[in-house]
Undergrad: 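Okay, handing you the structure first.
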Protein chains: 2
Amino acid sequence: MTNTDIDADRLQDINAFEGSLAQKVYLALQEAILSLQFRPGEVLRKAPICEKLGVSRSPVAEAIARLANEGLVDVIPQSGTRVAYFSMEDIREGSFLRQALELASVAKVASDRTEDQFAQINRNMRLQTLLIEDGDILGFYQADEAFHELLMLFTGYPRLKAVARLVSLQVTRARMLLLPTPGRAVETLEEHRAIFDAIQNRDPDGAQAALRHHLGQLMPRIEALAKTRPELFQSR
Amino acid sequence: MTNTDIDADRLQDINAFEGSLAQKVYLALQEAILSLQFRPGEVLRKAPICEKLGVSRSPVAEAIARLANEGLVDVIPQSGTRVAYFSMEDIREGSFLRQALELASVAKVASDRTEDQFAQINRNMRLQTLLIEDGDILGFYQADEAFHELLMLFTGYPRLKAVARLVSLQVTRARMLLLPTPGRAVETLEEHRAIFDAIQNRDPDGAQAALRHHLGQLMPRIEALAKTRPELFQSR
DNA sequence: TCTTGTCAACTAACATGTTAGTCGACAAGA
DNA sequence: TCTTGTCGACTAACATGTTAGTTGACAAGA
């Protein structure tokens, strides 16, 4: 356990976020953890965080409690808090849960979609195509996320998106390690198109199959990371 | 909004639970809300709760924050906290999310189950049968829950059960209004048996279909409540 | 070199003090 | 009767004080 570094003050300004102080601190810390600015195993010290952000211990304590609940930090009572290591078990589970939710969503959307909803998905698909044509990988990444969010949004269940995000936070963090490539983007677009076609045809089973294939591409790429970057998966 | 009653001190002793003070208070309050001892619309006052439970405001505040996050209470900032009303939208969503998770689980279990796991499910099924033979409806209710928990447990994903519980808390609360009947218990057992048979035959699709049918029985019965007990679904 | 015991520094958890904002009762006026 | 404005009681959110428990460094002894 030589890796007991202390976190520095590489935190965004708190006012970049909105809500209560606790909410702001929570978002700032989560951002830092998910973007890997805070690395697995690093110790989170409350006092420096309070000082840096200019708030008292209460909102920081509440924020850390939420992060612990999400599994992004490990709290050792009466001792300390550290950024959670990657865990393949957690990531596999998160992937499974997310897939379960998205499969149910896409089936419902394929069945129940309105024409207006379809038009919005269509627009997103054309945007994806456009961004790939321009080689804007980062933009495509965002459109990709928007595509999945649209599917969940159109179920009409407002909490769905938040739940899906919650269960797959570890997956989201792990994805940060996968550098996006043009080749993979093209493949992704094709997989999205298969889902899109099934939705157009109001084919729930086809949409599920296409989505299952799409999401199935992710885990093998993350599994490979466990061997490339073993230090991030340490202990646990 | 004439229904601004104040909550009384009908709370379990805190030491019936374990964990930190905040955890104990959280569990005690959640218990009271889910069991409908605290009724929708009632105002939660911190001071009496602190006094009754013999703790300071900190753990109570943390407990209420968690309940708000789960949607069991509505916090009006700088004003007050009240027990959330039932909302058909919330309940439909919870049911959808739970079904999504359970469908994925049962398919995986039907595919991957070990003989030992099957034996445990088999034992639970025989227990259910036994309890119905004896007319022990309450016991059957618990075995029913254990049946579903086993399915989630055997996926090998430890958070699954907690997530499923989290997303369907409103459904759980609503179920408290459905008085269990011997007739429904017998039907339930038959539906469980269909799932069980598909698991025995390692038939994921069959298991999903059987589970879908089983879970599909619940929502219509809850929908009926919205007309029988409209006061609980008020406003929102 | 390897234990073992002590102790200081640090922490989470809890208690308590403070503040700004909301709500409802009630009175004054129309 | 109905509106309107004031004021006090209450609240969530935040700041700060307190406590008990853990950890790790280090020295004393084997």
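Reminder, nothing fancy here: chain letters follow the sequence lines and each chain counts from 1.
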Undergrad: With both distances under 3.5 angstrom, what nucleotide forms a Watson-Crick or G-U wobble pair with C:dA27?
TA: D:dT4
Undergrad: Please tell me which of the listed nucleotides, D:dA15, D:dT11, C:dC14, lies nearest to the side chain of B:Ser56?
TA: C:dC14
Undergrad: For DNA chain C, find the residues of residues 57-69 of chain B with a heavy-atom distance under 4.0 Å and give them by number; none if there aren't any.
TA: B:Arg57, B:Ser58, B:Pro59
Undergrad: Between A:Lys46 and C:dA12, does any side-chain N or O lie under 4.0 Å from OP1 or OP2?
TA: yes
Undergrad: Which pairs, protein N/O on one side and nucleotides 21-23 of chain D N/O on the other, fall under 3.5 Å?
TA:
unit_1, atom_1, unit_2, atom_2, d
D:dG21, N2, A:Gln78, O, 3.4

Undergrad: Looking only at heavy atoms, what is the nearest atom pair of B:Leu215 and B:His148, with distance?
TA: CD2-CE1, 4.2 Å
Undergrad: I'd like to know if the side chain of A:Arg123 pairs up with that of A:Gln120 as donor and acceptor (distance under 3.5 Å, no hydrogens or angles considered).
TA: no
Undergrad: Over how many whole Å does the gap from B:Arg82 atom CZ to C:dC23 atom P extend?
TA: 11 Å
Undergrad: Evaluate side chain to side chain donor-acceptor pair (under 3.5 Å) for A:Glu70 paired with A:Gln30, printing each intermediate quantity in order.
TA: CA-CA 10 Å; A:Glu70 295 175 349; A:Gln30 193 189 54; 3.1 Å; yes
Undergrad: In this structure, how many angstroms lie between the C1' atom of C:dA12 and the CD1 atom of A:Ile49, rounded?
TA: 14 Å
Undergrad: Please give me every residue in residues 12-21 of chain A whose heavy atoms get under 4.0 Å of an atom in DNA chain C, ordered by residue number.
TA: none
Undergrad: Would you kindly say whether B:Glu31 and B:Gln37 are connected by a side-chain donor-acceptor distance under 3.5 Å?
TA: no
